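First up is the structure itself, then whatever we jot down about it.
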Amino acid sequence: MEESMEEEEVLIYEAMMDDQNHNNWEAAVDGFRQPPPPASSIPVPACESPGGQLLAAPAVSVDRKGPKEGLPMGPPPPPPDANGVIMMLKGCDAAAAGAKTAPASAPSSTVSINTSTSKFLMNVITIEDYKSTYWPKLDGAIDQLLTQSPGDYIPISYEQIYSCVYKCVCQQHSEQMYSDLIKKITNHLERVSKELQASPPDLYIERFNIALGQYMGALQSIVPLFIYMNKFYIETKLNRDLKDDLIKLFTEHVAEKHIYSLMPLLLEAQSTPFQVTPSTMANIVKGLYTLRPEWVHMAPTLFSKFIPNILPPAMESELSEYAAQDQKLQRELIQNGFTRGDQSRKRAGDELAYNSSSACASSRGYR
């Protein structure tokens with residue numbers, strides 16, 4: 001009888017311990033949404049905590065003497081202390097203890113992410129920052145590049161300007177920056193056009209040549225500075241090229257407005273040698289052909305002198321006409337003080353041969 005009562009007490013105690021362990025397992029691993037392992041799967045010998053071993057000893061071997069026969073039983077053993085159970089679990093339930101600490105580490109990682117995010121947000125360029133800080137730097141640099149004379153040194157930091165463009169593109173300000181650039185250059189070209197309209201005829205060709213050369217020289221610096229915007233916005237989203245867009249601006253706002261005033265003056269200068277320097281004439285004609293090739297039809301003979309393969313190939317029947325034009329040009333050169341050098345050693349008949357060969361060479365060069 002005594003032995004059966006002791007066994008019953010031990011079973012009651014073990015059952016209470018199992019319930020307590022089961023509840024602690026459920027509380028610990030609830031965040032992982034996994035079913036708790038059975039209490040029987042945790043071997044008691046695996047306990048590493050000395051305190052756990054001491055508390056677990058009564059659960060596996062109870063060395064107490066029961067009441068003597070005929071005497072009333074004493075009160076049943078008290079339920080185990082919750083703190084004692086937790087202490088025991090510290091050694092045996094390592095997985096459960098790790099699960100308890102896992103949620104505690106989440107706030108620290110969250111704080112780290114938020115900290116890095118806040119650092120990133122501190123570097124964000126708002127539209128107000130773009131308008132007040134970044135675009136003014138670009139605006140000033142573009143002004144200097146558009147108004148510089150060929151060969152002048154511009155005291156600007158190309159690295160700083162390129163960095164501004166890069167940051168604005170990365171911060172999704174490409175569309176606004178492209179719009180500002182087009183507006184800026186358009187306003188400049190409209191002023192240039194008005195200045196040309198006010199020019200007298202004798203200075204008109206030379207000033208047009210200066211405006212054209214100055215603008216094309218500026219593009220050689222402006223386009224590389226905005227290459228990042230060109231690559232990741234204009235080419236990607238607009239399917240165009242920045243240089244082509246800027247050349248088109250000059251065509252629309254300057255060349256188209258002055259072509260019908262400029263072309264008669266060019267033809268007149270062609271018929272009057274040295275009224276305009278050959279370099280100026282070549283720059284303008286080549287520039288007009290670059291802006292709009294169909295303008296060749298307005299003066300094919302003029303363009304053929306500077307652009308190869310404009311006219312059809314020369315015919316043999318036209319050689320005499322070319323020779324006459326060449327002789328006329330030589331006479332005009334002599335009248336303007338240009339000599340042909342010492343002709344005393346030339347043999348008879350060389351004059352005609354020279355004129356014919358130079359005419360053929362001239363025709364091949366022009367056509």
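The structure presented is a predicted model; accordingly, all values stated were derived computationally and were not measured. Quick note: residue numbers are just sequence positions, from 1.
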Where is the tightest heavy-atom contact between [X] and [Y], given as atom of each residue plus distance?
X: Pro264; Y: Tyr260; result: CD-O, 3.2 Å
X: Trp295; Y: Ala255; result: CH2-CB, 3.6 Å
X: Leu212; Y: Phe250; result: CD1-CE2, 3.5 Å
X: Ala269; Y: Ile205; result: CB-CD1, 4.3 Å
X: Leu189; Y: Val254; result: O-CG2, 3.7 Å
X: Ile310; Y: Pro300; result: CG2-O, 4.2 Å

Transitive ILVMFWY side-chain link [X] to [Y], under 4.5 Å:
X: Val296; Y: Met281; answer: yes
X: Ile125; Y: Leu181; answer: yes
X: Met229; Y: Tyr158; answer: yes
X: Val276; Y: Met298; answer: yes
X: Met216; Y: Ile307; answer: yes

Is any side-chain heavy atom of [X] closer than 4.5 Å to a side-chain heavy atom of [Y]?
X: Tyr162; Y: Val165; answer: no
X: Met263; Y: Leu302; answer: yes
X: Leu288; Y: Phe208; answer: yes
X: Lys248; Y: Asp245; answer: no
X: Leu138; Y: Asp180; answer: no
X: Pro200; Y: Arg207; answer: yes
X: Lys231; Y: Thr236; answer: no

For atom [atom1] of [X], is the number of surrounding heavy atoms from other residues, nucleotides or ligands below 6.0 Å larger than 12?
X: Gln220; atom1: CD; value: no
X: Gln275; atom1: CD; value: yes
X: Lys257; atom1: NZ; value: yes
X: Ile227; atom1: CD1; value: no

Steps toward side chain to side chain contact (heavy atoms under 4.5 Å, CB included) verdict (Leu203, Glu206): CA-CA 5 Å; Leu203 299 177; Glu206 189 63 34; 5.5 Å; no

Partner of Leu242 under side chain to side chain contact (heavy atoms under 4.5 Å, CB included), chosen from Ile247, Ile234, Leu219: Ile234

Distance, nearest 0.5 Å, that separates [atom1] of [X] from [atom2] of [Y]:
X: Ser221; Y: Leu146; atom1: OG; atom2: CG; result: 10.0 Å
X: Leu246; Y: Ile182; atom1: CG; atom2: CD1; result: 5.5 Å
X: Met177; Y: Ser179; atom1: CE; atom2: OG; result: 11.5 Å
X: Trp135; Y: Lys184; atom1: CH2; atom2: NZ; result: 7.5 Å
X: Leu265; Y: Gln270; atom1: CG; atom2: CD; result: 13.0 Å
X: Leu262; Y: Asn209; atom1: CG; atom2: CG; result: 10.0 Å

Is it true that a side-chain atom of Ser261 and a backbone atom of His258 form a donor plus acceptor pair closer than 3.5 Å? no

Check the pair Phe232 / Tyr228 against ring-ring contact (aromatic ring centres under 6.0 Å, His included), numbers first and verdict last. CA-CA 6 Å; Phe232 290 96; Tyr228 201 74; 4.6 Å; yes

Quick one about His188 and Tyr215 (side-chain donor to acceptor, distance below 3.5 Å, no hydrogens or angles considered), yes or no? no

Any donor-acceptor pair under 3.5 Å linking the side-chain atoms of Thr126 with those of Asp129? yes

Yes or no on side chain to side chain contact (heavy atoms under 4.5 Å, CB included) for Lys167 and His173, after CA distance, side-chain angles and deciding distance? CA-CA 9 Å; Lys167 292 178 181 178; His173 296 299; over 6 Å; no

